[in-house]
Amino acid sequence: MKKMPCKGGVPVPAGHATIYTEKALAPGPNYCQARIVDLGGRREIYLAGQTGNDPVYSEVVEGGIRAETIQALENIKEILLAAGATFDHVVKVTVFMTHMDQDKAVFEEVFGSYFPNLKPARSLVEVSKLPLPGENPRVEIEVFALMALENV
C-alpha cells in the first residue's frame with residue numbers, strides 16, 4: 001500500500017493514511033484519492049468521488065454514460081486495490097448523475113456488473129452539474145469501504 005500525505009505534504013494523524021495510485025485520476029490540490037482510518041480492529045476507507053476521467057489524459061472518456069461509468073468504477077477499483085481492498089469491502093456508495101432519466105438503466109447494468117456478490121447500500125442523486133469545468137461528466141461515484149484489520 002502506498003501511503004502518502006495529500007498534496008502539500010501535510011502529515012496525517014496517527015492511525016490515518018492517505019492513498020495515491022497513478023492508476024486512477026490524480027487528485028486535485030485540495031483533496032486526496034482516499035483516506036484510511038484504522039480503528040480498533042477495522043479499517044475504514046473513504047474514497048473521493050470518481051468520475052469517468054482517464055487517469056493518463058485526465059479527460060472524461062468518450063462513449064457516454066456506459067464508458068464513463070466503467071472508467072469511474074475502474075478508477076475506484078485501482079484506489080481500493082492500493083488500499084488493500086476490493087469491491088466486496090464496499091459498504092456504501094453515493095452516486096451523482098446529471099441525466100438520470102436518460103442514463104439510469106445503462107448505469108445500473110454497468111454498476112451491477114462490478115458488484116455481483118455483496119450489494120452495497122447506495123444513494124443515487126440527480127444533480128445539475130458535476131465540478132469539472134468544461135468537461136461535463138455525467139456521473140460521479142464515491143464509496144466507503146470497511147475491512148477487518150486481520151484481513152489487511
Side-chain angles (χ1 to χ4, degrees), residues 1-98 103 107 110-125 127 129-149 151-152:
M1 167 176 36
K2 187 173 182 181
K3 298 178 186 179
M4 62 185 298
C6 289
K7 287 190 174 183
V10 177
V12 294
H16 292 227
T18 56
I19 295 298
Y20 175 75
T21 177
E22 292 178 356
K23 294 180 180 180
L25 183 65
N30 295 314
Y31 66 95
C32 53
Q33 289 172 330
R35 185 84 180 260
I36 292 177
V37 182
D38 287 338
L39 298 168
R42 72 179 191 269
R43 170 173 284 174
E44 297 179 353
I45 308 167
Y46 299 86
L47 274 70
Q50 295 295 307
T51 55
N53 287 65
D54 178 277
V56 175
Y57 301 105
S58 299
E59 297 175 356
V60 175
V61 296
E62 294 181 4
I65 190 63
R66 180 177 304 281
E68 285 188 43
T69 303
I70 290 169
Q71 186 61 59
L73 289 166
E74 287 297 314
N75 290 343
I76 289 167
K77 179 176 81 174
E78 293 299 339
I79 296 168
L80 286 170
L81 288 172
T86 69
F87 282 111
D88 285 343
H89 295 103
V90 173
V91 295
K92 174 67 170 88
V93 176
T94 305
V95 181
F96 305 96
M97 296 181 80
T98 59
D103 295 342
F107 170 83
V110 174
F111 185 86
S113 72
Y114 280 80
F115 292 93
N117 302 317
L118 297 172
K119 306 296 185 200
R122 191 183 83 191
S123 299
L124 180 57
V125 181
V127 296
K129 188 175 181 181
L130 291 167
L132 286 175
E135 296 198 43
N136 301 317
R138 297 175 77 91
V139 66
E140 180 174 352
I141 306 168
E142 67 179 33
V143 305
F144 169 70
L146 185 63
M147 299 174 66
L149 284 177
N151 294 333
V152 176

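In this text, all values refer to a predicted model and were calculated from it rather than measured experimentally.
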Peer 1: With Glu78 as reference, evaluate Lys23, Gln33, Glu22 under the side-chain contact (heavy atoms from CB on, under 4.5 Å) test and give the passing residue.
Peer 2: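 Checked Lys23, Gln33, Glu22 against Glu78; only one passes side-chain contact (heavy atoms from CB on, under 4.5 Å): Lys23.
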
Peer 1: Would you check if Pro120 and Val91 make a side-chain contact, meaning some heavy-atom pair closer than 4.5 Å?
Peer 2: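 They are not in side-chain contact.
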
Peer 1: Rounded to the nearest 0.5 Å, how far apart are OG1 of Thr98 and CG of Asp103?
Peer 2: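 Reported value, rounded in 0.5 Å steps: 6.5 Å.
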
Peer 1: Closest approach of Cys32 and Ala48, non-hydrogen atoms and distance?
Peer 2: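 Nearest pair, atom of Cys32 first, then Ala48: O-CB, 3.4 Å.
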
Peer 1: For the residue pair Arg122 and Phe111, would you count it as a cation-pi contact if the rule is NZ or CZ under 6.0 angstrom from the ring centre and within 45 degrees of the ring axis?
Peer 2: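 Yes, cation above the ring, under 6.0 Å and within 45°.
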
Peer 1: How about Tyr114 and Glu74: does a side-chain donor come under 3.5 Å of a side-chain acceptor?
Peer 2: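 Checked: Tyr114/Glu74 side chains pair up, N/O donor to acceptor below 3.5 Å.
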
Peer 1: Within the 3.5 Å criterion, strictly below it, is a donor on Ser123 or Lys92 matched to an acceptor on the partner's side chain?
Peer 2: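 Short answer, yes.
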
Peer 1: May I ask you to test the Met97-Ile65 pair for a side-chain heavy-atom distance under 4.5 Å?
Peer 2: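 Result yes, sub-4.5 Å side-chain heavy-atom pair found.
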
Peer 1: If you apply the rule side chain to side chain contact (heavy atoms under 4.5 Å, CB included), what do you find for Leu130 with Phe96, and how did you get there?
Peer 2: CA-CA 8 Å; Leu130 291 167; Phe96 305 96; 3.8 Å; yes

Peer 1: Is the shortest heavy-atom distance from the side chain of Ile36 to the side chain of Glu44 under 4.5 Å?
Peer 2: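 The answer is no, as the side chains (C-beta and beyond) never meet within the 4.5 Å cut-off.
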
Peer 1: How close do Ala24 and Pro55 get, heavy atom to heavy atom, and via which atoms?
Peer 2: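 What the structure gives for the nearest pair is C-CB, 3.4 Å.
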
Peer 1: Hey, mind stepping through Val37 and Arg43 against side chain to side chain contact (heavy atoms under 4.5 Å, CB included) and telling me if it holds?
Peer 2: CA-CA 6 Å; Val37 182; Arg43 170 173 284 174; over 6 Å; no

Peer 1: Please report the C-alpha distance between Glu68 and Arg66 in whole Å, then the side-chain angles of each, then the deciding distance to 0.1 Å, and finally whether the salt bridge (Lys or Arg N to Asp or Glu O under 4.0 Å) criterion is met.
Peer 2: CA-CA 6 Å; Glu68 285 188 43; Arg66 180 177 304 281; over 6 Å; no

Peer 1: Grab the two heavy atoms, one from Glu142 and one from Gly49, that are nearest each other, plus how far apart they are.
Peer 2: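 Minimum heavy-atom separation between Glu142 and Gly49: CB-CA, 3.7 Å.
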
Peer 1: If you look at every heavy atom in Ser58 and Asn53, which pair is closest and at what distance?
Peer 2: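 It is O-ND2, 2.9 Å.
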
Peer 1: For a 4.5 angstrom cut-off between non-hydrogen side-chain atoms, does Leu81 reach Thr21?
Peer 2: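 They are not in side-chain contact.
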
Peer 1: Kindly compute the distance separating OG1 (Thr51) from CG (Asn136), expressed to the nearest 0.5 Å.
Peer 2: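 One finds 11.5 Å between OG1 of Thr51 and CG of Asn136.
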
Peer 1: Out of curiosity, Asp38 CG to Met147 CE, how far, rounded to the nearest 0.5 Å?
Peer 2: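 With rounding to 0.5 Å, CG (Asp38) is 9.5 Å from CE (Met147).
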
Peer 1: As an exercise, state the distance from OG1 of Thr94 to CG of Leu47, rounded to the nearest 0.5 Å.
Peer 2: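 If we round to the nearest 0.5 Å, Thr94:OG1 and Leu47:CG are 11.5 Å apart.
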
Peer 1: Determine whether Arg35 and His16 satisfy the following criterion, side chain to side chain contact (heavy atoms under 4.5 Å, CB included), listing intermediate values before the conclusion.
Peer 2: CA-CA 7 Å; Arg35 185 84 180 260; His16 292 227; 3.1 Å; yes

Peer 1: Answer yes or no: is there a side-chain heavy-atom contact under 4.5 Å between Val143 and Ile141?
Peer 2: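 Of all side-chain heavy-atom pairs linking Ile141 with Val143, at least one is under 4.5 Å.
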
Peer 1: Please report the interatomic distance OG1(Thr86) to CG(Leu80), rounded to the nearest 0.5 Å.
Peer 2: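 The OG1 atom of Thr86 sits 7.5 Å away from the CG atom of Leu80.
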
Peer 1: Do you know which of Thr69, Ile70, Asp54 makes side-chain contact (heavy atoms from CB on, under 4.5 Å) with Val61?
Peer 2: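 That would be Asp54; it is the only one of Thr69, Ile70, Asp54 passing the side-chain contact (heavy atoms from CB on, under 4.5 Å) with Val61.
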
Peer 1: Kindly compute the distance separating CZ (Phe87) from CG (Leu118), expressed to the nearest 0.5 Å.
Peer 2: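 Phe87 atom CZ to Leu118 atom CG measures 13.0 Å (nearest 0.5 Å).
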
Peer 1: Run the side chain to side chain contact (heavy atoms under 4.5 Å, CB included) test on Val95 and Phe107 for me, step by step, so that the C-alpha distance in whole Å, both residues' side-chain angles and the decisive distance to 0.1 Å come before the verdict.
Peer 2: CA-CA 10 Å; Val95 181; Phe107 170 83; 3.7 Å; yes

